[in-house]
Number of protein chains: 2
Amino acid sequence: MSELLENEPVIASTIADTVCSKLQNAIVEGIIPAGSKISEPALANEFGISRGPLREALSRLEASNLIERKPNVGARVVTLTRQHLVEIYLIRESLEGLAARQAAENMSDKDINELDVLLEKHQQQIKQDQSYYQKEGDMDFHFRIIKGSKNSHLIDMFSNDLYHLIRLYRYQFGMVSKRVPRAFVEHGQIVDAIRQHDGELAQFLMSRHIRSSRINVEKMLDEHLAITD
Amino acid sequence: MSELLENEPVIASTIADTVCSKLQNAIVEGIIPAGSKISEPALANEFGISRGPLREALSRLEASNLIERKPNVGARVVTLTRQHLVEIYLIRESLEGLAARQAAENMSDKDINELDVLLEKHQQQIKQDQSYYQKEGDMDFHFRIIKGSKNSHLIDMFSNDLYHLIRLYRYQFGMVSKRVPRAFVEHGQIVDAIRQHDGELAQFLMSRHIRSSRINVEKMLDEHLAITD
DNA sequence: GATATCATAATTGTCGACAATATAGTTGAG
DNA sequence: CTCAACTATATTGTCGACAATTATGATATC
């Protein structure tokens with residue numbers, strides 16, 4: 001189970017909140033297929049709610065870039081393209097580099113110790129079964145660095161916008177790579193740099209880490225020809 | 001008048017759209033003061049509309065980080081803090097660096113020529129009256145680079161999220177600096193790098209440009225003691 | 001047979017009213 | 001006089017219905 005999300009308000013007080021969460025998962029998992037049209041009356045019926053809170057939820061999904069809306073026409077689930085995936089990777093390369101730099105400057109010793117614990121846990125899970133690490137564990141690590149930056153706006157951007165998109169692509173493209181051992185080593189290097197409060201190095205390592213991941217993904221897409229740009 | 005916004009849909013078809021635009025401007029210009037509470041019935045009355053589209057507009061303002069909403073409590077205009085301003089500058093330093101790099105790779109000759117025209121226009125306006133350049137012209141330049149990156153997600157992030165926040169801080173902190181001539185020179189350097197399709201250099205120059213701007217702003221805030229963190 | 005036009009149906013946008021929650025004011029006890 | 005609890009008020013969340021716009025399908029014309 002994803003550890004970093006435990007501080008999410010489990011009991012979302014408003015209907016729009018709960019429906020929004022459910023829709024996020026439904027879209028990420030492909031239950032609502034990418035590119036498909038969203039019918040407000042149908043969905044409202046399915047959830048047993050009115051169209052009011054549903055539209056509120058759709059607004060947030062639009063802000064998360066999970067759906068696209070056109071006035072007087074309706075909402076569609078976003079379509080996945082290779083180009084868009086690359087764009088997100090480039091943005092991550094840039095922003096998470098900044099996050100790592102600020103994390104090196106602002107993370108407390110306690111925060112860093114928890115990072116160590118997480119890494120150790122990941123190492124054990126890799127020995128047993130790589131699937132968790134690939135699916136959620138990697139996200140946990142990256143999100144924790146972002147939180148460690150203490151840059152509230154940066155944290156917001158990831159929580160609301162990028163996080164679900166990354167999950168979406170990872171889930172639906174179902175990437176499983178041989179990079180896991182290598183990625184784990186890189187995570188360790190990044191934590192080391194943070195521990196030494198070497199922001200410049202942490203930034204460099206994080207950017208390169210994500211760049212490597214992007215290049216790997218691009219190569220995989222080329223081979224599998226899964227997506228034609 | 002701001003040139004880069006001319007392709008914005010002037011006739012927003014839905015009420016929520018027009019109200020959202022009006023509220024954006026009202027918040028940026030301080031007509032609705034920072035930190036003030038927003039009453040849905042009052043605002044709806046003022047605009048002569050129902051609460052439905054108003055809430056839709058508020059949802060978008062929340063996504064733009066112009067207001068904050070708490071369930072069952074209501075919406076408040078965001079409060080301006082020095083820390084948040086610095087956070088945004090750091091994000092810009094990172095993202096606009098990426099934008100400049102991609103702009104150097106992806107801008108057409110026609111795009112670059114238009115950049116030249118814009119710069120020349122700015123130069124003339126600086127000689128006459130610096131105010132335009134400081135308020136909107138600078139934003140025009142930066143936004144054009146971002147669009148030049150052809151990174152649609154990056155463009156979205158700025159259009160929906162960062163653009164109005166930047167305007168808000170600039171408007172309400174009313175920064176007027178002696179950096180205008182220097183900033184203009186730096187803009188020229190960036191365009192040169194883009195013209196030579198030197199992405200690495202463009203990224204470096206843009207990041208440094210924004211960093212200088214941030215340091216200048218921080219210094220001004222320290223001197224004026226306008227904002228206490 | 002293909003295309004344009006119009007009428008029908010369905011969907012989205014908007015509204016006003018009710019229910020649930022939080023805030024403010026008041027009263028009472030210590 | 002201070003603080004706690006309760007009542008009353010106001011605000012937000014939710015709902016169902018109507019209006020405006022768009023998509024659909026049939027009909028007629030070339």
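What's counted below: heavy atoms across the whole structure, side chains too, no hydrogens, waters or symmetry copies. Lettering follows sequence order; numbering is per chain, from 1.
In this structure Glu218(A) satisfies the salt bridge (Lys or Arg N to Asp or Glu O under 4.0 Å) test together with Arg82(A), Arg214(A), sequence neighbours excluded. With sequence neighbours excluded, no residue satisfies salt bridge (Lys or Arg N to Asp or Glu O under 4.0 Å) with Glu29(A). Take His153(A) and apply the ring pair (Phe, Tyr, Trp, His ring centres under 6.0 Å) test, not counting sequence neighbours, and it matches His84(B).
Rounded to whole angstrom, the span from the CD atom of Glu40(A) across to the C1' atom of dT12(C) amounts to 6 Å. Note: CG (Asn72(A)) to C1' (dA10(C)) measures 13 Å, nearest angstrom.
Using a 4.0 Å cutoff to heavy atoms of chain A, the contacted part of DNA chain D runs 5' to 3' from dG13(D) to dA23(D).
Aromatic rings of Phe143(B) and Phe158(B) (six-membered ring for Trp) have centroids beyond the 6.0 Å cut-off, not under it.
Annotation: proximity of residues 41-57 of chain B to DNA chain D (heavy atom, distance under 4.0 Å) is found for Pro41(B), Arg51(B), Arg55(B), numbered in ascending order.
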Donor-acceptor contacts, no H, no angles, side chain residues 32-44 of chain A, under 3.5 Å, sequence neighbours left out:
residue	atom	partner	partner atom	Å
Ser36(A)	OG	Pro33(A)	O	2.6
Ser39(A)	OG	Ala42(A)	N	3.3
Glu40(A)	OE1	Arg51(A)	NE	3.1
Glu40(A)	OE1	Arg51(A)	NH2	3.1
Glu40(A)	OE1	Arg55(A)	NH1	3.3
Glu40(A)	OE2	Arg55(A)	NH1	3.1

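A salt bridge is defined here as a Lys NZ or Arg NE, NH1 or NH2 lying under 4.0 Å from an Asp or Glu carboxylate O, and Lys121(B) with Glu114(B) fails to meet this definition. The pair Arg170(B)-Asp138(B) counts as a salt bridge, with a side-chain nitrogen and a carboxylate oxygen less than 4.0 angstrom apart. Remark: Lys147(B) does not engage Asp111(B) in a salt bridge, criterion side-chain N to carboxylate O under 4.0 Å.
Within the 4.0 Å cut-off from OP1 or OP2 of dT12(C), at least one side-chain nitrogen or oxygen of Lys37(A) is found.
Among the protein residues, Ile38(A) comes within range of the sugar-phosphate backbone only, with heavy atoms under 4.0 Å from sugar or phosphate atoms but none that close to a base.
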